Amino acid sequence: MANDQSVRVRFAPSPTGKLHVGGARTAIYNWAFARANGGTFILRIDDTDPTRSTEENTQIILRAMRWLGLDWDEGPDVGGPYGPYKQTDRMDLYREAAERLVAEGKAYYCFCSPEKLAADKAAAEARHDPFQGYQRTCRNIDPAEAQARVDAGESHTIRIKVPLDRGDVVIHDAVHGEVTFNAKELDDFIIFRSDGTPTYNFATVVDDAMMGITHVIRGDDHLSNTPRQVMVYEALGAPVPTFAHISMILGADGKKLSKRHGATSVEEYRDAGFLSDAFVNYLALLGWAPDGETTIVPRDVLARTFSLEHVSKNPSTFDPKKLDWVQQQYVMTMSDADFAQTILVPELRKAGLEGEALSHEAHWYEVLASVLKPRTTMPADVVEKSRFLYAGDALEYDEKSVDKNLRKDYAPAALDAAREALAAVEPWEASAIDGALEPLPEATGINKRKFYGAVRVAECGNQVSPPMGESLELLGRDQVLARIDAAKALCGTAE
RNA sequence: GUCCCCAUCGUCUAACGGUCAGGACAUCGCCCUUUCAAGGCGAGAAAACGGGUUCGAAUCCCGUUGGGGGCACCA
């Protein structure tokens, strides 16, 4: 067993599906709690349900955890002193633990058939018995006789023997406080199935006990299982860890988050282009608040300041709009070079606008990054906003924009003035370009909005575009002048 | 049925017996402005209900209602 000084926590997903947002938040809290307390974060794969667990899902979960940036100190791939870290590799341990409990009289063999169990339960229901658990039929079979029946090959399960004098079970939950379960509710539940595999409530506790887990941070849905698990800890003679049951994550309709609410798995958010920092930030703050003000908590701050005291008891609704906002906050803190390298260029390549060999110098992408950054939430947003830069002479004009900005009597004069000024700008860079254009509306007597509107549509093909100076700088003087010439032809069609 | 959990703006939340119930997202308005953003300023918006306890309750207690979860040889 681990020494009881240091914090040891674990995240133990079942590989029966992808890692979903609720699980991700549980993982984040466990990780952050370990880091904030100088403890150990363990990843364990709870795959005792062989029919639903797959190796593929395990790999998907590991990949998702890595993407989230939640590094684990012990786990299936990195090993550790308390391995193995996959329940299917620990079957012998469960068997030994169960047999030890039987030998110590803390568990017993049960030979009741599923049919008898069902009948007992129906009878209890019929007489409105408040106790609907196992009737303890096999509890008093003589151990020697029971062993003989087992040896003879009779089908059996193993049940925990809840002490008759065990009083109410009181759980000290770090987020819920004291939770009391009535002793009468406890029944002698099955810890080992007739097929020789352990049940979840048993395997988990054996693992948590053997791995020296000090704090069990998990979903609310396990709260009602906790007294059962406490029985196992006590039978095992192991210290009961501190529990922290965190609430569930709901969809906008207040129902448990599911497919019909949209993306539910971590990898869907990754594929959509969310920054893992932003995603972790958002999830961490869904149900945890360091104070009433803070909205941005970078991962390293989370790892330093997370505490269970501030975890909320109420279920929280997943709000995609706020996730978007957090994402944008993170995007805006990126440097131009970083944005260019990690978001802009990859997206341009994905869209086929750039090939493996880049068409411009690094500086060009940084200028583009600087204007696109405050206009970007998702990485893919940059593509449409950059397209005009790659159109060359085949620029597509937005019909409505042309109508409103070029097919006007003032447009030719505006374009002529702009062309003359732009032909002479030195050096060819944003501030000089803006400086050269700036006096022209007044000089030509054309309203500012109209003037810039004409130039904008001529250069970008649309009345909505990134800022003028940078756009023209990126286009290059030759292309800028060529587009003005091309646009003048469009002006001619004015009525 | 039974046990357990939960209940502050639309959403995430702050406060931990005394505040005009604060912040953030979203919404709306204004400002900035050559478009779109970004940014700045501002507005509307909350204690589920009913009883107690207390000089005083969002905060403590009880009940009701409403949501959620467990009660499996699922995890």
Side-chain angles (χ1 to χ4, degrees), chain A residues 12-16 46-49 51-53 87 110 112 114 117 121 125 128-133 155-159 171 173 175-176 179-182 184-185 187 189-201 203-204 219-228 245 247-248 250 252 254-256 282 285-296 310 312-326 328 332 371-377 381 385 401 405 434 437-438 441 447-457 460 462-469:
Chain A
S14 293
T16 54
D46 279 11
D47 57 353
T48 44
D49 180 4
T51 58
R52 293 194 301 150
S53 300
Q87 291 193 323
C110 169
C112 296
L117 262 20
K121 177 149 191 168
E125 242 167 82
H128 300 287
D129 191 331
F131 179 76
Q132 309 228 337
S155 175
H156 64 280
T157 59
I158 300 177
R159 289 182 182 272
I171 288 153
D173 190 284
V175 346
H176 292 279
V179 183
T180 305
F181 293 85
N182 196 311
K184 290 180 185 60
E185 294 303 313
D187 79 337
F189 62 95
I190 292 174
I191 59 175
F192 242 82
R193 305 184 187 101
S194 54
D195 66 358
T197 60
T199 58
Y200 166 79
N201 280 322
T204 315
D220 243 351
D221 46 339
H222 290 286
L223 186 52
S224 298
N225 276 324
T226 308
R228 249 179 289 278
H245 288 96
S247 66
M248 309 232 288
L250 275 21
K255 297 276 196 289
K256 188 175 172 177
Y282 174 70
L285 256 44
L286 196 59
W288 175 74
D291 53 56
E293 318 287 301
T294 310
T295 52
I296 298 299
H310 295 108
S312 163
K313 290 190 279 219
N314 356 350
S316 33
T317 305
F318 189 88
D319 180 2
K321 287 263 186 56
K322 192 150 186 175
L323 205 211
D324 284 348
W325 178 80
V326 174
Q328 198 183 25
M332 281 194 293
V371 297
L372 256 28
K373 239 182 357 179
R375 277 159 256 263
T376 300
T377 297
D381 295 348
K385 293 185 170 67
S401 296
N405 297 278
D434 280 329
L437 256 21
E438 205 268 321
N447 168 294
K448 228 176 192 179
R449 295 176 80 97
K450 292 178 173 174
F451 178 86
Y452 281 98
V455 178
R456 189 179 301 283
V457 176
C460 309
N462 198 296
Q463 59 193 349
V464 176
S465 84
M468 191 64 83

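Every heavy atom of this structure was used, including side-chain atoms; hydrogens, water molecules and symmetry mates were not. Predicted, not measured: the structure shown is a model, and the values here were computed from it.
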Please work out if A:H245 contacts a base, only the sugar-phosphate, or nothing of the nucleic acid, heavy-atom cut-off 4.0 Å. nothing
Can you tell me how far C1' in B:G10 sits from the matching atom in B:G69, rounded to whole Å? 25 Å
Atom C1', compared across B:C60 and B:A47: separation rounded to whole Å: 16 Å
Counting heavy atoms from C-beta on, name the nucleotide in B:A14, B:C36, B:C12 closest to the side chain of A:R375. B:C36
Using a heavy-atom cut-off of 4.0 Å across all strands, would you classify A:C112 as base, sugar-phosphate, or nothing? base
From CZ of A:F181 across to C1' of B:C4 the rounded distance in Å is 5 Å
What is the minimum heavy-atom distance between A:L286 and A:T317, and which atoms define it? CD1-O, 3.6 Å
Taking the P atom in each of B:A46 and B:G70, what is the distance between them to the nearest angstrom? 35 Å
B:C28 to B:C71 separation - C1' atoms, rounded to the nearest Å: 49 Å
Atom of A:W325, atom of A:T295 and distance for their closest heavy-atom approach: CH2-OG1, 3.6 Å
With heavy atoms under 4.0 Å as the rule, sort A:S194 into base, sugar-phosphate or nothing. base
Of the candidate nucleotides B:U13, B:A75, B:U34, which contains the atom at the shortest distance from the side chain of A:A289? B:U13
Within the stacking criterion (centroid distance below 5.5 Å, interplanar angle below 30°), does A:Y452 stack on B:U34? yes
A:I190 side chain, from C-beta outward: closest of B:A37, B:C73, B:A75: B:C73
Nearest heavy atoms of A:Y452 and A:P441, plus distance in Å: CE1-CG, 4.1 Å
How many Å lie between NE2 on A:H310 and P on B:A14, as a whole number? 8 Å
All heavy atoms of A:H245 vs all of A:V175, minimum pair found to be O-CG2, 3.2 Å
Spacing of the C1' atoms in B:A38 and B:C6 (rounded, Å): 39 Å
Measure from the side-chain heavy atoms of A:Y200 and tell me the nearest of B:G22, B:A24, B:A75. B:A75
Report yes if a donor N or O on one partner sits less than 3.5 Å from an acceptor N or O on the other, where the partners are the side chain of A:T317 and the base of B:C12; otherwise report no. no
Round to a whole Å and report the spacing from CG of A:D291 to C1' of B:C16. 15 Å
Given B:U35, B:C12, B:G70, the nucleotide with the shortest approach to the side chain of A:L286: B:C12
So, does the side chain of A:N225 form a donor-acceptor pair with the base of B:A75 at under 3.5 Å? yes
Considering only the C1' atoms, how many Å lie between B:A48 and B:G22, rounded to the nearest integer? 22 Å
Determine the interatomic distance between C1' on B:A43 and the same-named atom on B:G50; round to the nearest Å. 34 Å
What's the closest nucleotide to the side chain of A:M248 if the choices are B:U13, B:G69, B:A24? B:G69
Test for a donor-acceptor pair under 3.5 Å between the base of B:A7 and the side chain of A:K313, counting only N and O atoms. no
Whole Å only: how far is the CG atom of A:L437 from the C1' atom of B:U33? 16 Å
Out of B:U35, B:A75, B:C5, which nucleotide sits closest to the side chain of A:V464? B:U35
With P as the reference atom in both, quote the distance from B:C9 to B:C41 in angstrom, rounded to an integer. 26 Å
